[in-house]
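Once you've had a glance at the structure underneath, I'll fire off some questions.
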Amino acid sequence: MKQAPIKEEITFDDFAKVDIRVGTIIEVSEVIKSDKLMKLTVDFGDHTRSILAGIKQERNNPKEIEGKQALFVVNLPERKMAGEVSQGMLFDIGYEDKLQPCLACPESIMPNGARAG
């Protein structure tokens with residue numbers, strides 16, 4: 001892998017605006033109108049959200065991540081894609097570097113909704 005250059009420097013205040021939380025993926029389902037997207041139903045402790053993730057072609061079995069905890073950005077505006085609404089973004093590692101992506105997840109079980117940062 002060729003290392004990508006480090007992105008433009010941001011302030012701590014910029015970083016503090018990003019709300020990253022632990023959630024448990026309770027269901028992974030098809031997005032009929034998309035070749036890439038899967039719909040994740042994610043438990044954040046006090047609520048659940050639907051989050052669309054482009055993992056359909058990245059994994060032999062996208063449902064293998066059901067029951068796993070991962071990190072999600074939860075303060076992005078809702079976005080409609082392929083006829084479905086996404087209420088956040090899955091954090092994963094590797095995709096931008098053309099590697100087989102994997103989940104960014106806590107090393108031990110954490111309460112759903114716990115904040116990263």
- From Glu58 atom CD to Cys102 atom SG, the distance as rounded to the nearest 0.5 Å: 10.5 Å
- Query: About how many Å separate CG of Asn75 and CD of Gln87, when rounded to the nearest 0.5 Å?
  - Reply: 13.0 Å
- Examine the side chains of Asn112 and Gln69 and answer whether a donor and an acceptor come within less than 3.5 Å of each other. yes
- Spacing of CG belonging to Leu37 relative to CD1 belonging to Ile32, to within rounding of 0.5 Å: 12.0 Å
- Message: Taking the side chain as everything from C-beta on, heavy atoms only, tell me whether Leu90 gets closer than 4.5 Å to Leu103.
- Response: yes
- Decide if atom CD of Glu96 counts as having more than 12 heavy atoms of other residues, nucleotides or ligands within a radius under 6.0 Å. no
- Of Pro111, Cys105, Pro106, the one forming a side chain to side chain contact (heavy atoms under 4.5 Å, CB included) with Val22 is Pro106
- So, Asp14 side chain and Thr11 main chain: donor-acceptor pair closer than 3.5 Å or not? yes
- Message: With a 3.5 Å distance limit and no angle check, can you tell me whether Ser34 reaches the backbone of Lys36 through a side-chain donor-acceptor pair?
- Response: yes
- Message: Let me check something: do Ile55 and Phe91 share a hydrophobic cluster, defined by ILVMFWY side-chain heavy atoms less than 4.5 Å apart, either directly or through other members?
- Response: no
- Message: I want to check something: taking the side chain as every heavy atom from C-beta on, are Arg115 and Asp19 in contact at a cut-off of under 4.5 Å?
- Response: yes
- Note on the structure: When rounded to the nearest 0.5 Å, the distance separating NZ of Lys56 from CG of Asp35 is 6.5 Å
- Hey, does the side chain of Asp43 reach the backbone of Gly45 with a donor-acceptor pair shorter than 3.5 angstrom? yes
- Note on the structure: Taken to the nearest 0.5 Å, the spacing of Thr24 OG1 from Glu66 CD works out to 12.0 Å
- Common cluster, Val18/Met89, ILVMFWY with side-chain heavy-atom separation under 4.5 Å: yes
- Message: As an exercise, state the distance from CD1 of Ile25 to CD1 of Ile65, rounded to the nearest 0.5 Å.
- Response: 4.0 Å
- Under 4.0 Å between a Lys/Arg side-chain N and an Asp/Glu carboxylate O for Glu27 and Lys63? no
- Over 60° means perpendicular and under 30° means parallel, so classify the ring planes of Phe44 and His47, tilted if in between. parallel
- Query: Got Val74 and Ile20 here, is their nearest side-chain heavy-atom distance under 4.5 Å?
  - Reply: no
- Query: Is there a side-chain contact between Phe72 and Ile51, using heavy atoms and a 4.5 Å cut-off?
  - Reply: yes
- Query: Are Leu52 and Val85 close enough that some pair of their side-chain heavy atoms sits under 4.5 Å apart?
  - Reply: no
- Item | side-chain hydrogen bond (donor to acceptor under 3.5 Å, both in side chains) involving Glu9 - partner list, sequence neighbours excluded | none
- Task: Run the salt-bridge test on Lys39 and Glu30 with the 4.0 Å N-O cut-off and return the result as yes or no.
- Result: no
